[in-house]
Amino acid sequence: MGCSSGPNALIPSWEAAEALHMAARKQNRKPPALQVFLNDLTGNDFNTIFKSLPSFHQKLKKLGKDHHDHDHESVSCFIAAVPGSFHGRLFPPSFLHFVFSSFSLHWLSQAPDELVSESGVPLNKENIYPAKTSPPGVHKAYLEQFEKDFTRFLKLRSEELIPGG
Ligand SMILES: C[S@@+](CC[C@H](N)C(=O)[O-])C[C@H]1O[C@@H](n2cnc3c(N)ncnc32)[C@H](O)[C@@H]1O
């Protein structure tokens with residue numbers, strides 16, 4: 001969730017594919033297929049990620065070769081994009097096994113309402129985040145907005161996860 005379009009976008013998928021590959025090899029089993037859904041806001045540059053997919057798949061194929069150059073079947077990884085906000089529903093019920101997010105969940109769904117006094121005076125001066133110089137009410141407002149957003153995030157994902165996911 002919040003994959004962005006830089007080099008970090010595919011790292012979690014790589015880690016998961018590699019872990020599945022290693023586990024299957026250890027147990028002498030056929031590796032399972034992995035389906036990944038990359039999520040970010042609709043304005044995210046998903047095309048840049050898509051353009052890096054051939055080299056991702058190439059690297060995955062190489063994982064199947066061992067030190068003696070023997071071929072082992074590598075994990076098949078199917079990658080799709082799901083544009084939209086993680087502050088809303090993104091998947092059908094009981095659909096996902098695992099959800100991962102790095103450095104994204106602190107993006108709030110909105111600026112807290114309490115940043116402006118009842119008479120319309122801005123309380124956080126020109127800051128767009130709780131700063132050292134912000135009055136205590138501003139910190140409380142951001143904390144409450146985060147608690148609201150994160151609670152909703154967990155509720156939404158719990159609906160999308162399979163039981164035991
Ligand atoms: C700092 S980047 C993190 C990128 C990557 N996950 C990493 O660890 O480097 C945060 C990403 O979260 C995305 N984001 C922010 N709010 C979001 C939301 N409500 N739904 C989905 N993605 C969101 C941003 O568009 C941005 O790409």
Side-chain angles (χ1 to χ4, degrees), residues 1-23 32-63 74-116 122-134 137-165:
M1 307 259 149
C3 61
S4 192
S5 55
N8 288 354
L10 287 171
I11 290 179
S13 307
W14 174 258
E15 296 286 336
E18 195 180 33
L20 286 173
H21 180 81
M22 295 304 178
L34 176 65
Q35 166 114 62
V36 176
F37 298 97
L38 300 171
N39 158 257
D40 208 293
L41 295 171
T42 51
N44 187 50
D45 184 6
F46 287 103
N47 278 338
T48 294
I49 311 179
F50 295 159
K51 283 177 194 152
S52 70
L53 286 180
S55 71
F56 178 87
H57 288 298
Q58 201 65 35
K59 209 169 121 196
L60 206 57
K61 229 171 154 182
K62 277 201 198 126
L63 197 62
S74 54
V75 176
S76 312
C77 189
F78 302 95
I79 298 186
V82 174
S85 171
F86 52 56
H87 293 303
R89 275 293 292 272
L90 291 166
F91 298 96
S94 299
F95 187 74
L96 303 170
H97 290 81
F98 183 78
V99 177
F100 177 85
S101 186
S102 143
F103 206 58
S104 300
L105 296 182
H106 53 308
W107 258 257
L108 302 175
S109 64
Q110 59 163 85
D113 292 330
E114 298 79 7
L115 294 186
V116 179
L123 301 175
N124 202 20
K125 308 261 167 58
E126 56 278 342
N127 290 320
I128 56 159
Y129 58 90
K132 268 190 192 155
T133 51
S134 302
V138 167
H139 292 265
K140 189 166 169 278
Y142 271 101
L143 177 62
E144 281 172 5
Q145 185 64 49
F146 176 75
E147 281 175 349
K148 245 189 257 168
D149 284 345
F150 192 54
T151 303
R152 186 177 43 192
F153 176 88
L154 292 176
K155 189 174 175 294
L156 292 164
R157 299 296 84 79
S158 77
E159 289 162 11
E160 295 166 348
L161 272 173
I162 59 153

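Remember, it's 1-based here, ligands and their atoms both numbered in the order they're listed. From a predicted model like this one, the values you see are computed outputs, not experimental measurements.
- With salt bridges taken as basic N to acidic carboxylate O contacts below 4.0 Å, one links Glu144 and Lys140.
- Of the possible polar contacts, one joining the His87 side chain to the Trp107 backbone as a donor-acceptor pair under 3.5 Å is found.
- A heavy-atom cutoff of 4.0 Å around ligand 1 is satisfied by the protein residues Gly2, Cys3, Ser4, Asn8, Asn39, Asp40, Leu41, Gly84, Ser85, Phe86, His87, Ser102, Phe103, Ser104, Trp107.
- Residues Pro83 and Phe46 approach most closely at CB-CE1, 3.9 Å, considering heavy atoms.
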Listed pairs under 3.5 Å, donor-acceptor, residues 49-60 side chains, sequence neighbours left out:
{"unit_1": "Ser52", "atom_1": "OG", "unit_2": "Ile49", "atom_2": "O", "d": "2.8"}
{"unit_1": "Ser55", "atom_1": "OG", "unit_2": "Ser52", "atom_2": "O", "d": "3.1"}

Apply side chain to side chain contact (heavy atoms under 4.5 Å, CB included) to residues Leu90 and Met1 and explain how you reach the verdict. CA-CA 10 Å; Leu90 291 166; Met1 307 259 149; 3.9 Å; yes

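- Here the closest non-hydrogen pair linking Ala80 and Gln35 is CB-NE2, 4.3 Å.
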